[in-house]
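A short write-up of the structure that comes next.
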Amino acid sequence: MSNRGISRRDFAKSAVAIGGASALAACLDRFGAPDVPEGTDPATLPARQHAWDKGLPTDDAGNHRLSRHHVLLLLDYERDGGPTDGDRSQVTDALHSLERAYAWQADGLQFTLGYSPAYFDRFDGAPAGVDLPEPAALAPFEDPELDTPDALLHLASDHEQVVLAAEEALKGNRDSVNDNEMAASFDGVFSVQARRTGFVGAGLPAENQDVDGIPDSEPVPEDAPLFMGFKSGFEKNQASEDRVTVQSGPFADGATQHLSFIRLQLQQWYEQDSRDQRVSKMFCPAHADDGKVAGVGENLGTDNGVGDCADDVVERSRREGVAGHAQKTARARDGDDTPIILRRDFSSTDGGEAGLHFLSLQRSIGDFVATKSMMNGTDVADESAVGQRVNNGILQYMRVERRGNYLLPPRDLRALPPADPA
Ligand code: HEM
């Protein structure tokens, strides 16, 4: 347990979790400067800020693998009232500098800059043609803090040194990155209200498991990409980038982004639940009965396989006394049987606690709310032997502490956009 804000353990933070110039220096000292591919003319990059897949490697089965290291900066616009052209140019110049310095791919740098409902409040109307509600609690059993920064910057790279250097450069603490000069920074335009970090990918959760919420026995499997021990984000269980893209209006080629912070408590998960219970609760009971999931789940290929057991979840849960997380959320798929949100979530040790930054993209925030409502499984709990949170997927092991909603404008509108660019 935490005691007066000090973690139970004096855990060894990763360089990205610490952040700042000294963490970057220590990281360069220890691992050297990685060979990072240079960027390109920003005009040649895709109109969609969230077009990341082409720059991500694929695993043997063909699933895209997200970059390993992540930084989220919650930003406040420093000027009262509407943005000035000068501020817009400054933000554009700073982001163009990063695009010239680093290739738009996992071993380079990918990023998005999104804007909250609080940001758009300074204009007369909400963003044109996009559903961007204020964040809200999304279950009867949660009471999250609601994030209201103006903007959210998400930096992602396979190299810790790259996310750290890009962050320092944007803060105005570095003149160049990857041997490319920064034409500008965010200094004087954006101030950092909060900083969050995380990682995803085989090995990283095991390396970083010395935190509150994970038993001392260090149970996280060596090859697990996330703290809960299973692979996530199979190709057939993700919405495509097309599916989450805004289709029309001035923000066409944009997307909405939801970011929550989920705290994990994995004592029972790893110390009392059996392997079969973990598979039942994460995927579905039939997967446990049939021994369908080996290890972290690489053997599933490109499909979690819960399509069949998602048909009659209430009836099955009555029989089994358990409802699976993927089984329930799969009920939110659209007509052609594909999910409607694109998950780009990652594990975290922020605050010395095991957590997960759940970041997802979707065409409208309503798509996220619909998926989350399936995950709540209130109907399943009401009509079967499953509890509100007990044996109801993974709800028992997590607590949603924060929620925020953002609009990712298309690339050419990402610098302090007006609410109606038309
Ligand atoms: C601690 C938090 C979470 C963990 C560790 C987690 C992990 C997983 C895993 C292992 C799967 C099965 C493999 C896959 O399809 O990728 C899955 C599926 C899924 N999860 Fe989560 N998840 C978490 C939270 C959430 C949240 C908050 C949502 C959104 C409401 C969500 C939505 C989904 C969806 C849509 C699927 C795919 C369902 C389908 O096949 O149609 N997950 N998750």
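As the structure lists them, so they are numbered: ligands from 1, and atoms in each ligand from 1.
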query = Which of these, Ile340, Val400, Leu356, Val296, has its nearest heavy atom closest to atom 2 (C) of ligand 1?
reply = Leu356
message = Looking only at protein heavy atoms, which one is nearest to atom 25 (C) of ligand 1, and what is the separation?
response = Phe358 CE1, 3.3 Å
inquiry  = Tell me the protein heavy atom at minimum distance from atom 1 (C) of ligand 1, and give that distance in Å.
reply    = Leu264 CD2, 3.7 Å
request  = Verify, without hydrogens or angle tests, whether Asp276 (side chain) and Asp289 (backbone) share a donor-acceptor contact under 3.5 angstrom.
outcome  = no
ask   = Taking atom types as modelled and ignoring hydrogens, do the side chains of Thr197 and His69 form a donor-acceptor contact shorter than 3.5 angstrom?
value = no
task = Could you list the atoms of ligand 1 found under 4.0 angstrom from a heavy atom of Lys372?
result = 30 (C)
inquiry  = At under 4.0 Å between heavy atoms, is it the side chain or the backbone of Pro339 that contacts ligand 1, or both, or neither?
reply    = side chain
message = Within the 3.5 Å criterion, strictly below it, is a donor on Thr338 or Asp336 matched to an acceptor on the partner's side chain?
response = yes
request  = Measure the shortest side-chain to side-chain distance between Glu167 and Val192 over non-hydrogen atoms and say whether it is less than 4.5 angstrom.
outcome  = no
ask   = Centres of the Phe346 and His154 rings: under 6.0 Å?
value = yes
side-chain contact (heavy atoms from CB on, under 4.5 Å) partner of Phe199, the single match among Val16, Leu226, Thr349, Leu66 = Thr349
Parallel, tilted or perpendicular: rings of Tyr115 and Phe190 (30°, 60°) = tilted
query = So which protein heavy atom does atom 10 (C) of ligand 1 come closest to, and at what separation?
reply = Lys231 O, 3.3 Å
query = How does Phe227 reach ligand 1, if at all, at less than 4.0 Å between non-hydrogen atoms: by side chain, backbone, both, or neither?
reply = neither
key: Output field: ring centroids Phe111/Trp52 closer than 6.0 Å   = no
message = Distance alone, cut at 3.5 Å: any donor-acceptor contact between the side chains of Arg343 and Ser232?
response = yes
query = So which protein heavy atom does atom 35 (C) of ligand 1 come closest to, and at what separation?
reply = Thr371 CG2, 3.7 Å
query = Nearest to atom 4 (C) of ligand 1, what protein heavy atom do you find, and at what distance?
reply = Ile394 CD1, 3.8 Å
task = May I ask whether Phe283 has any heavy atom positioned less than 4.0 angstrom from an atom of ligand 1?
result = yes
task = Please determine if Arg343 has a nitrogen or oxygen closer than 3.5 Å to a nitrogen or oxygen of ligand 1.
result = yes
query = Do the two ring centres, one from Phe186 and one from Tyr77, sit under 6.0 Å apart?
reply = no
ask   = Atom CZ in Arg100, atom OG1 in Thr40: separation rounded to 0.5 Å?
value = 9.5 Å
key: Those atoms of ligand 1 less than 4.0 Å from some heavy atom in Arg333   = 39 (C), 40 (O), 41 (O)
request  = Provide, to 0.1 Å, the distance between atom 21 (Fe) of ligand 1 and the closest protein heavy atom, together with that atom's residue and name.
outcome  = His325 NE2, 2.1 Å
note = re atom 9 (C) of ligand 1, the protein heavy-atom contact at minimum distance is Met282 SD, 3.8 Å
note = Counting from 1 in the order shown, the ligand 1 atoms closer than 4.0 Å to a non-hydrogen atom of Gly233 are 14 (C), 16 (O)
query = Of the protein's non-hydrogen atoms, which lies at the shortest distance from atom 38 (C) of ligand 1, and what is that distance?
reply = Thr329 OG1, 3.4 Å
request  = Heavy-atom contacts with Asn237 under 4.0 Å: which atoms of ligand 1 show up? List them by number with element.
outcome  = 15 (O), 37 (C), 40 (O)
